[in-house]
Amino acid sequence: MLGNYNPTGDYSTQAVIMERVIPTEWFDRSAVSVAPDLIGCTLVRQLPDGTQLRGMIVETEAYQEGDPACHAYRKQTKRNQIMFGGPGYVYVYLIYGMYHCVNVVTDRIGAPSAVLIRALELAPATLSAISLKPKEKPIRAAAGPGKLCLAMQISLDLYGTKLESGQAMWIEHRSIDWQAKLDIGTIELTQTTRIGLTQGVDLPWRWYVKGCKAVSVFEKLPLVGS
DNA sequence: CAAACGATTTCC
DNA sequence: GAAATCGTTTGT
């Protein structure tokens, strides 16, 4: 129970779980605002059999209006339509015909935008529950948007689902301990340009936990604050 | 209808 | 450095 933010003083298990789940309204702002705030939060995937897979978000990227790299830059299509709706929904797409990438839709209706979740630090129990590739280091099991979806069993069938407690997926707030470390500078965030793009390459809309071994790419040096 | 392309990953 | 692989998007 330690480390759980619980302003109600109600420590029943169900109440604590509800407190920690991020509500829809929290995502109702620009992707650039949400993306850094998602670092340190926990992505929870609940499988049909009730099994929960968990990982702390350690890397994100923002995609929003006026951004040529955003999938909603040109017009509304079948693939990107979820981004045009309200916040707090899951946007999943197939990339290179073989991997999936998962996003959280942000901002109000009519402001197409989303935050790409690029890397997780998987919880010990989750590492035990899944099967890792033969030579894979556990810390790297969800280091990258495609690997993350593979580890968390995220695919197109989650497209358009809402991030809510008890659903197929939801997100929980940073722990008090993690937030405290960020506040005193024990943990730092780095802001850089995004990965793998041909357009919008100079926008510094990628964030990650400085020094974290679970991040997708290290060599890209900080553009801000170095 | 045909062709190019990609917010990736892995292996040579 | 290049292949794998396929739905979406864009062009003819």
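Every value quoted in this text rests on a predicted model; they were computed, and no experiment measured them. Chain identifiers are assigned alphabetically (A, B, ...) following the order of the sequence lines, protein sequences preceding nucleic acid strands; residue numbering begins at 1 within each chain.
- Here B/dG6 presents its P atom at 11 Å from CZ of A/R74, a figure rounded to the nearest Å.
- Nucleotide B/dT10 holds its P atom 13 Å from the NZ atom of A/K137, rounded to whole Å.
- Note on A/G146: only backbone sugar-phosphate atoms sit closer than 4.0 angstrom, heavy atoms only; bases stay farther off.
- The distance from atom CD1 of A/I95 to atom P of B/dA4 is 18 Å, rounded to the nearest whole Å.
- Remark: C1' of B/dA7 and CD1 of A/I82 are 18 Å apart, rounded to the nearest angstrom.
- Among the heavy atoms of the strands lying under 4.0 Å from A/T77 are primed sugar atoms or P, OP1, OP2 only; no base atom is included.
- Counting to the nearest Å, the P atom of B/dG6 and the OH atom of A/Y93 are 12 Å from each other.
- Rounded to a whole Å, the CG atom of A/L148 is 12 Å from the P atom of B/dT8.
- Pair check for B/dA7 finds none; no Watson-Crick or G-U wobble contact set falls under 3.5 Å.
- In the model, A/S216 has a side-chain atom that pairs as donor or acceptor with a side-chain atom of A/R118 under 3.5 Å.
- When hydrophobic clusters are built by joining Ile, Leu, Val, Met, Phe, Trp and Tyr residues whose side-chain heavy atoms come closer than 4.5 Å, directly or via intermediates, A/I154 is grouped together with A/L156.
- Using a 4.5 Å cut-off on side-chain heavy atoms (C-beta onward), A/R206 and A/T193 make no contact.
- A residue-by-residue look at A/M98 and A/N80 shows that A/M98 has its nearest nucleotide of DNA chain C further toward the 5' end.
- Counting only distance, with no hydrogens or angles, the side chain of A/N80 and the backbone of A/K75 share a donor-acceptor pair below 3.5 Å.
- In this structure, CG of A/L197 is placed 12 Å from C1' of B/dT8, rounded to the nearest angstrom.
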Audit row: A/Q81, A/R79, side chain to side chain donor-acceptor pair (under 3.5 Å) steps and yes/no: CA-CA 6 Å; A/Q81 60 178 333; A/R79 181 178 70 161; over 6 Å; no
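- The side chain of A/T198 places an N or O atom within less than 4.0 Å of a non-bridging phosphate oxygen (OP1 or OP2) of B/dG6.
- Judged by distance alone, the side chains of A/T51 and A/D49 do bring a donor and an acceptor atom under 3.5 Å apart.
- With rounding to whole Å, A/Q199 atom CD is found 18 Å from B/dA4 atom P.
- Ring stacking is absent between A/Y96 and B/dG6, as the pair misses the limits of under 5.5 Å between centres and under 30 degrees between planes.
- As judged by a 4.0 angstrom heavy-atom cut-off over every strand, A/K135 is placed among residues making no nucleic acid contact.
- Of all nucleotides in DNA chain C, those with any atom nearer than 4.0 Å to a heavy atom of chain A start and finish, going 5' to 3', at C/dA4 to C/dT10.
- Summarising the base pairing, C/dT5 is matched to no nucleotide, lacking a Watson-Crick or G-U wobble pair whose two defining distances lie under 3.5 Å.
- Distance noted for atom P between B/dA4 and C/dA3: 15 Å (whole Å).
- Close placement of the A/Y93 and A/Y91 rings is indicated, their centers lying within 6.0 Å of each other.
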